[in-house]
Amino acid sequence: MKIVDIAIKKTYRFNCPVCGSRSQEFVDIGGKVKKFFCPVCREDRYISWGELKKRIIYEGAKDTQ
């Protein structure tokens, strides 16, 4: 067996369901629902786990966002 890449961190991206602005910080409130503050709408928003887009950063890879 051969290890190809070593993941060093996971990031999650998602957009506000109202205005579409992108954010990366959220709070898990349980029941597969996440809460985050939208800086454009200036309100707390809620999204489901399925709306998150996971990105895995590998060792030695450039972190371009």
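All residue numbers refer to positions in the sequence shown, counting from 1. These values consider heavy atoms only, across backbone and side chains, with no hydrogens, waters or symmetry-generated copies. Keep in mind the model is a prediction, meaning the values are calculated, not measured.
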Quick check: Phe36 with Phe14 (ring centres under 6.0 Å apart)? yes

side-chain contact (heavy atoms from CB on, under 4.5 Å), that's the test. Do Trp49 and Lys34 meet it? Break it down for me. CA-CA 7 Å; Trp49 182 254; Lys34 311 294 181 226; 2.9 Å; yes

Please report the C-alpha distance between Cys16 and Arg45 in whole Å, then the side-chain angles of each, then the deciding distance to 0.1 Å, and finally whether the side-chain contact (heavy atoms from CB on, under 4.5 Å) criterion is met. CA-CA 7 Å; Cys16 174; Arg45 299 287 182 205; 3.8 Å; yes

How far apart are the C-alpha atoms of Ile47 and Phe26, what are their side-chain angles, what is the distance that settles it, and do they pass the side-chain contact (heavy atoms from CB on, under 4.5 Å) test? CA-CA 9 Å; Ile47 58 172; Phe26 60 84; 5.8 Å; no

Return the CZ to CD distance between Phe37 and Glu43, rounded to the nearest 0.5 Å. 8.5 Å

Closest non-hydrogen atom pair between Cys38 and Cys41, with its separation: SG-N, 3.4 Å

